Amino acid sequence: MPRNRLPLIVLSGAGTLVLVLALLIFYIQEKGVIGVGAAPLSDDLAATWFHESVTHSVDYRLGIIVFLLGKPGWTDASHDWTSGKGSPAFSTFVINGRRLHIEYSRESGEWNVLDTAGSVEEGNVLVVKGCGTETQKVTHTELIDLTLPYNADPVAEVLARSKTLRNVLDQK
């Protein structure tokens, strides 16, 4: 079945509505991301990520993960965060009055961070430096396998997989 088409099913009877609703829920889940997360990691580092799929008790897959590096204390200060699972899904922060908007489309595999566009084929792990300042920008992209063990912390697992990423984050 093509990925973007809902199958045409002709049924009658009491179970029809339930079946159609179940198919619609499956279609919507298949089309977009199933969750957006964000967490502070230290006084100057946070991360946001987009869940693509979950195989319960086995593994889950992230679409992208973005590490956000700013001045010491920015993660402790008050700021706004909004997110949505639509297509594209988004994670938006307002830090010190500066907007940091991240979009990810599971359908196309494309992302857009601070007007820097890319594809998960090129990189699915990004670093933004200068969060909350005039100079906030994407400074690093990397391609890492983002299929993670079911109970794993996404941040810890991704950091463990890339020495290059750890070095980039250590060079503040």
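The model shown is predicted, which means the values in this text are computed figures rather than measured ones.
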Open item on the list: Tell me which pairs pass ring-ring contact (aromatic ring centres under 6.0 Å, His included) where either residue lies in residues 105-129, with sequence neighbours left out.
Closed with: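 Of all non-adjacent pairs touching residues 105-129, none passes ring-ring contact (aromatic ring centres under 6.0 Å, His included).
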Please list all pairs passing the salt bridge (charged side-chain N to carboxylate O under 4.0 Å, His left out) test where one or both residues lie in [range], with sequence neighbours left out.
{"range": "residues 33-44", "value": "Asp44-Lys172"}
{"range": "residues 56-75", "value": "Glu52-Arg61, Arg61-Asp145"}
{"range": "residues 114-143", "value": "Arg98-Glu134"}

Under the side-chain contact (heavy atoms from CB on, under 4.5 Å) rule, collect the residues that match up with [X], sequence neighbours excluded.
{"X": "Leu143", "value": "Asn124"}
{"X": "Ala38", "value": "Thr48, Trp81, Phe93"}
{"X": "Asn96", "value": "none"}
{"X": "Leu148", "value": "Tyr60, Leu62, Pro154, Glu157, Arg161"}

The criterion is side-chain hydrogen bond (donor to acceptor under 3.5 Å, both in side chains); which residues satisfy it with [X], sequence neighbours excluded?
{"X": "His79", "answer": "none"}
{"X": "Glu103", "answer": "His101"}
{"X": "Trp49", "answer": "His51"}
{"X": "Asp170", "answer": "none"}

Open item on the list: Is there a path of hydrophobic side-chain contacts, each under 4.5 Å between heavy atoms, that joins Ile95 and Val36?
Closed with: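 Same hydrophobic cluster.
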TODO: Indicate, with yes or no, if Phe90 and Val94 share a hydrophobic cluster defined by side-chain heavy-atom contacts under 4.5 Å among Ile, Leu, Val, Met, Phe, Trp and Tyr.
DONE: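 Different clusters.
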Show the nearest heavy-atom pair for residues [X] and [Y], with the distance to one decimal.
{"X": "Val168", "Y": "His140", "value": "CG2-ND1, 3.7 Å"}
{"X": "Ala47", "Y": "Leu41", "value": "CB-CD1, 3.9 Å"}
{"X": "Val128", "Y": "Val66", "value": "CG2-CG1, 3.9 Å"}
{"X": "Leu68", "Y": "Trp74", "value": "O-CZ2, 3.5 Å"}
{"X": "Leu146", "Y": "Gly63", "value": "CD1-O, 3.7 Å"}

At what distance, to the nearest 0.5 angstrom, does [atom1] of [X] lie from [atom2] of [Y]?
{"X": "Thr141", "Y": "Leu165", "atom1": "OG1", "atom2": "CG", "answer": "11.0 Å"}
{"X": "Ser105", "Y": "Phe50", "atom1": "OG", "atom2": "CZ", "answer": "11.0 Å"}
{"X": "Gln136", "Y": "Leu100", "atom1": "CD", "atom2": "CG", "answer": "4.5 Å"}
{"X": "Tyr104", "Y": "Asn112", "atom1": "OH", "atom2": "CG", "answer": "13.5 Å"}
{"X": "Ile65", "Y": "Ser91", "atom1": "CD1", "atom2": "OG", "answer": "11.0 Å"}

Task: Check against side-chain contact (heavy atoms from CB on, under 4.5 Å), Ile102 and Ile64 - done: CA-CA 10 Å; Ile102 300 161; Ile64 65 169; 4.2 Å; yes
Open item on the list: Are the side chains of Val125 and Ser162 in contact, using a 4.5 Å heavy-atom criterion?
Closed with: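 Result no, sub-4.5 Å side-chain heavy-atom pair not found.
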- [ ] Measure the shortest side-chain to side-chain distance between Leu45 and Thr75 over non-hydrogen atoms and say whether it is less than 4.5 angstrom.
- [x]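 Leu45 vs Thr75: side chains apart.
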